[in-house]
Amino acid sequence: MTTTEERVAPPADAATLRTTSGREAARWVLSRCRETPWLTAATVLSTVAGAALQMLPVLLLGRVVDAVVGGEPRSALLGTGALMVVSALLGAAATAASTYLIGRLGADLLAHLREGAVRAVLGMPVGRVEQVGRGDVLSRVGDDVAVLSRGIRAAIPTVFSAGVLVAVATIGMFGLDWRLGLAGACALPAYGLALRWYLPRSAPLYRKQRAAQADRAQALISGLNGIGTVRAYRLEEAFREKVATDSRRVRDHGIEVFRLFGRFVGRENRAEFIGLVLILLVGYVLLETGSAGLGAVSAAPLVFHRLFTPLGAIMFTFDEAQKSGASLTRLVGVLTESEAERLVGHPDAAPHGIAPCSVAVEGLTFGYPGAEEPVLRDVSLTIPAGGSLALVGATGAGKSTLAALVAGIETPQSGSVRIGASDLADLDEVAARALVSVLTQETHVFSGPLAEDLRLAAPAATDAELAGALRTVGAAEWVEALPEGPATPVGEGGERLDGTKVAQLALARLVLGRAPVVVLDESTAEAGSEGAAELERAVRAACAGRTTLFVAHRLTQAMAADRIAVLDAGRVVEQGSHEELVALGGRYAELWRAWRGDSRMRLS
């Protein structure tokens, strides 16, 4: 959309997207795990079995010591040795299965998060996206997804498997002798204190680090998008300083995270030292008093030492796990920001046929955040089902804003927009999109086959339906002439399409979407250019049988509508057909006389 006069930039202190608490993120993960009960159960069982089988050879070693001391026959030792080998092999197999299943479960969770986050962002009102800034949005659906993906592949499976192994080893020590188990368990408070010291300090720090990265991304995006302005006003140095400042914040948070993690590792080593010393002392006392056998006393330090590997793995992957946790809270926050996460993307949500719907705007008032005056004031108008209305007015009159409100992109401060019997304010994103389609001059062609680009509007559309939509908008001939027809790659790296062809693709999507109400803002704005007349015919064909709202930037567009509404300073000052308004001799008649005097005139 090229008309920007009605947009006001969001305030400098615009809020960011929501970030959930760790508890809420955990609830989201558990709810997704419950959706795949068999996979979740198999993952937990294989992990527990692998941990138990890994501990069994160490426990059996105590049995070997007792057999040697007791002078048992060699056959008993051979039997125990064979059992140790079998348990080791089975433990390796169970651990491999556990690793695969954890990765599979994590990949499913990541797919839900990635797809849900993108859907939620695409389902947000444009005003909300503008308010938070694209840097925060892109850092979540880009950087946070990448961080969580790395964590799911490496850190999270390691922490989960190691945690189960620690629990099994602790139980194994109590199985040897409850007093040795208590001696080893004395290390747990030290571990707990270390975690209690570390977690409250690290989690906010990781969130600050992710937020700083979002700020840096926003600074880069803003500067690159406005590179022409930056160069024109020679602001390169200020831009570099802004990016450098944000980068230093990211660096400083990273150093602080590393320093905190080093102190955490020291506390963990202290806990290991406490536990091992206590086990050795208690074992010595029990052995001297004859209260425990040599096998149990020998195996207990080995079992406790067996804890060092998983605990070390937890420590050395905890940094990545914390990063993943911070990214998880930000991604789940995006999902809970919008109800669209659970609704958008279901083909069944779209109507299977086009039924006429009226449009009624009543007492509409709207102003952008930070603006002193509202853009629209007490606007009321109606479009009968299947009819068309053109909005006409000078720059800043509120045409594009009114179109955005009818399309459900913005929400009015007062008043209502009704589509048929439904108030847009009461509808979710999917229901609103099923009722209203929007077409502007700013049309994006996505990279990939042209047919898949069209199916964005109707994922279940058949080849015949695609061909029918292309014929409707007059694009079938040139599409078939492409090297691979509808399968030809378009967009970046593909076939180059001119403005007329891009607009025809957008109109074909409009046909496939089958929404009963259509809002058109500058869809054929290039007055006098080659293909403009062809595009206007395509627009009429695409909108046939639908209720249509035009933001008219040429009076030929306004003339084609059933009725015309003239806006001035945010108010509707005239309504009627072309003939009625010309005969009225008011604002529209002035525009019409000027138009007839200069056929090249284009309304702003």
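We number each residue from 1, following the sequence as shown. Note: hydrogens, waters and symmetry copies are ignored here, and every other heavy atom, side chains too, is used.
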- Task: Give the C-alpha distance, both sets of side-chain angles, the deciding distance and a yes or no for side-chain contact (heavy atoms from CB on, under 4.5 Å) between Leu549 and Val359.
- Result: CA-CA 9 Å; Leu549 176 66; Val359 175; over 6 Å; no

I'd like to know if the side chain of [X] and the backbone of [Y] have a donor-acceptor N/O pair within less than 3.5 Å.
X      : Y      : answer
Thr548 : Arg546 : yes
Glu580 : Ser577 : yes
Thr547 : Gly386 : yes
Arg509 : Arg455 : no
Thr462 : Glu465 : yes

Rounded distance [0.5 Å steps], [atom1] in [X] versus [atom2] in [Y]:
X      : Y      : atom1 : atom2 : answer
Thr40  : Arg34  : OG1   : CZ    : 10.0 Å
Cys357 : Ile383 : SG    : CD1   : 11.5 Å
Trp478 : Gln504 : CH2   : CD    : 6.5 Å
Leu391 : Phe550 : CG    : CZ    : 10.5 Å
Leu450 : Leu466 : CG    : CG    : 9.0 Å
Cys33  : Leu39  : SG    : CG    : 8.5 Å

Is there a side-chain contact between [X] and [Y] (heavy atoms, below 4.5 Å)?
X      : Y      : result
Val539 : Leu507 : yes
Leu364 : Asp378 : no
Val417 : Asp423 : no
His578 : Trp592 : yes
Val379 : Thr365 : no
Glu480 : Pro486 : yes
Leu567 : Val392 : no
Val361 : Thr382 : no

- Note on the structure: Residue pairs passing the salt bridge (Lys or Arg N to Asp or Glu O under 4.0 Å) test with at least one member in residues 558-575, sequence neighbours excluded, are none

What's the shortest heavy-atom distance between [X] and [Y], and which atoms?
X      : Y      : answer
Glu484 : Pro489 : OE2-CD, 3.9 Å
Ser380 : Val572 : O-CG2, 4.5 Å
Ala508 : Val473 : N-CG1, 3.8 Å
Pro516 : Leu435 : CD-O, 3.3 Å
Leu389 : Ala565 : CD1-N, 3.8 Å
Ala407 : Val436 : CA-CG1, 3.7 Å

